[in-house]
Amino acid sequence: MSQKLRQEQILHILQKRGYVTVRYLTQALHYSSATINRDLNTMQTLGLVKRTYGGVEAVDRNHFFPLPQRQLYMKKEKRRNAQAAAELIQNGDTVFLDGSTSVQYIAPFLAQKRDLRVITNNLRLAIELGEYDMEVICLGGRISERPHVLFGEETVENALRYHPDVMFFSINEITADGRVRADGGCHYLLYRAMLKNSKKRYLLTDHSKLVERVKRSLCDFGALTGVISDFEFPEETKKAFPDTAFICVTE
């Protein structure tokens, strides 16, 4: 296992538990305490974790991890979900792709599509898609999540001009019974605008995003055309939202 992959696993464990001992990590990841300690020291230098005597804790368990940190999470799962999402896109579609790291993985799977029009608030994604034969529209606004995700009043105003055939987005918290967390301010307004204006709406998610409850809800699964995930939702959830497609993507 590479150092990057170990760090990804450590961050995932801390996201769930908040605090663990070095001994717990050595047993969970099957590496020596010396290796784990080196990883933790590097991660603390990067501001990803906080070392304590004999253990480590998340910098702030309730804090939405910074974009560079989230890019370490669940890469295989995000890539599989993104590939499944790309299969739902038809040649000639107008597509909204949000600024999330989950949706960002969709880019290489669009290379063979034709006559696409892609709208996004992700500068990095816009640049990557600009290498392909498609129309790319970057919504503009201020950099809200460094280094390349845009949000703000201008972002929302520009988004309202478009009516995509399909949107793909991801949120950092969902519940197993079908609630989707709402972030405040222009984040909330952008998602509400695109949910309203898009003909089809898909959420990409993975098991690391599951929580018991969300404080404020953007929507429930009834507002979505489908949910693409790396796990199966409970049958009662599927029955509660009979018009929503549940697409489970596993190895």
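Just so you know, these numbers come straight off a predicted model, no measurement behind them. Just so you know, residue 1 is the first one in the sequence shown, and it goes up from there.
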Strictly below 4.0 Å, N to O, side chains only: are R142 and E153 in salt-bridge contact? no

State the CG-CD1 distance between L204 and I171, to the nearest 0.5 angstrom. 11.5 Å

Answer whether the closest heavy-atom distance between the side chains of L88 and I247 falls below 4.5 Å. yes

Check against side-chain contact (heavy atoms from CB on, under 4.5 Å), F221 and L203: CA-CA 9 Å; F221 288 175; L203 173 72; 4.0 Å; yes

Run the side-chain contact (heavy atoms from CB on, under 4.5 Å) test on I119 and V95 for me, step by step, so that the C-alpha distance in whole Å, both residues' side-chain angles and the decisive distance to 0.1 Å come before the verdict. CA-CA 6 Å; I119 304 159; V95 184; over 6 Å; no

Using side-chain heavy atoms (C-beta onward) and a distance below 4.5 Å, is S229 in contact with E77? no

Any donor-acceptor pair under 3.5 Å linking the side-chain atoms of D39 with those of Y31? no

Examine H187 together with F151 and report whether their ring centres are nearer than 6.0 Å. yes

Does any part of the side chain of R181, heavy atoms only, come nearer than 4.5 Å to the side chain of N172, both counted from C-beta? yes

Atom CG in L40, atom CD in Q7: separation rounded to 0.5 Å? 9.0 Å

Between L110 and M134, is a side-chain contact (heavy atoms from CB on, under 4.5 Å) present by the stated rule, with each step listed? CA-CA 9 Å; L110 301 184; M134 64 181 67; 4.0 Å; yes

Taking the cut-offs as 6.0 angstrom to the six-membered ring centre and 45 degrees off its axis, would you call R117 and F96 a cation-pi pair? no

Restricting to side-chain contact (heavy atoms from CB on, under 4.5 Å), what partner residues turn up for S32, sequence neighbours left out? A34, T35

M43 with L29, same ILVMFWY side-chain cluster at under 4.5 Å: yes

May I ask you to decide if the ring planes of Y202 and F168 are parallel, tilted or perpendicular, using 30° and 60° as cut-offs? parallel

Can you name the closest pair of heavy atoms from T205 and K209 and give their distance? OG1-CD, 3.4 Å

Heavy atoms only: give me the nearest A176-P234 pair and the separation to one decimal. O-CD, 3.8 Å

For the student: nearest non-hydrogen atoms of L218 and R192, plus distance: O-NH1, 3.0 Å

Got a sec, which residues hit salt bridge (charged side-chain N to carboxylate O under 4.0 Å, His left out) with E87, two or more places apart in sequence or on another chain? none

Is F109 reachable from V249 through a run of hydrophobic residues whose side-chain heavy atoms are each under 4.5 Å from the next? no

Between L97 and L129, does a side-chain contact (heavy atoms from CB on, under 4.5 Å) hold up when you go through it step by step? CA-CA 11 Å; L97 304 176; L129 292 176; 4.1 Å; yes

When you measure from the side chain of D98 to the backbone of S170, do you find a donor-acceptor pair of N or O atoms at a distance under 3.5 Å? yes

Less than 4.5 Å apart, any side-chain heavy atom of T26 and any of S33? yes

Any chance CD of E236 has more than 12 other-residue heavy atoms, nucleotides or ligands included, within less than 6.0 Å? yes

Are the side chains of L125 and V118 in contact, using a 4.5 Å heavy-atom criterion? no

Can you list everything that forms a side-chain contact (heavy atoms from CB on, under 4.5 Å) with N41? Sequence neighbours excluded, please. R51

Quick check on D133: does its CG atom have over 12 non-hydrogen neighbours (other residues, nucleotides or ligands) under 6.0 Å away? no

Mark yes when over 12 heavy atoms from residues, nucleotides or ligands other than K113 sit less than 6.0 Å from its NZ; otherwise mark no. yes

Is there a path of hydrophobic side-chain contacts, each under 4.5 Å between heavy atoms of I, L, V, M, F, W or Y residues, that connects I174 with F246? yes

In the structure I gave you, are the side-chain heavy atoms of H207 and D230 within less than 4.5 Å of one another anywhere? yes

Working to the nearest 0.5 angstrom, can you tell me the gap between R201 CZ and M167 CE? 8.5 Å

With sequence neighbours excluded, what pairs up with R38 under the salt bridge (charged side-chain N to carboxylate O under 4.0 Å, His left out) test? none

In this structure, would Y105 and I89 fall into the same cluster of hydrophobic residues linked by side-chain contacts under 4.5 Å? no

Classify the side-chain pair N122/T120 by whether it contains a donor and acceptor separated by less than 3.5 Å. no

By side-chain contact (heavy atoms from CB on, under 4.5 Å), N158 pairs with (sequence neighbours left out) L139, E154, R161

Is Q83 close to P108 at the side-chain level, that is, under 4.5 Å between some pair of heavy atoms? no

Locate the shortest heavy-atom distance separating I106 from A85; write the atom from each residue and the value. CD1-CB, 3.9 Å

Do E57 and V49 have side chains that get closer than 4.5 Å, going by heavy atoms? no

Can F241 be reached from F231 by stepping across I, L, V, M, F, W or Y side chains whose heavy atoms are under 4.5 Å apart? yes

Output for pair (L25 CG, R23 CZ), nearest 0.5 Å, gives 12.5 Å

Once rounded to the nearest 0.5 Å, what's the spacing between atom CG of D206 and atom CD1 of I228? 12.5 Å

L14 versus V56, closest heavy-atom pair with distance: CD2-O, 3.7 Å

CG-SG distance between L195 and C219, expressed to the nearest 0.5 angstrom: 5.5 Å

Nearest atoms (heavy-atom pairs only) where G141 meets L150: O-CD2, 3.7 Å

What residues form a salt bridge (charged side-chain N to carboxylate O under 4.0 Å, His left out) with D220, not counting sequence neighbours? R179

Around atom NZ of K238, are there more than 12 heavy atoms from other residues, nucleotides or ligands closer than 6.0 Å? yes

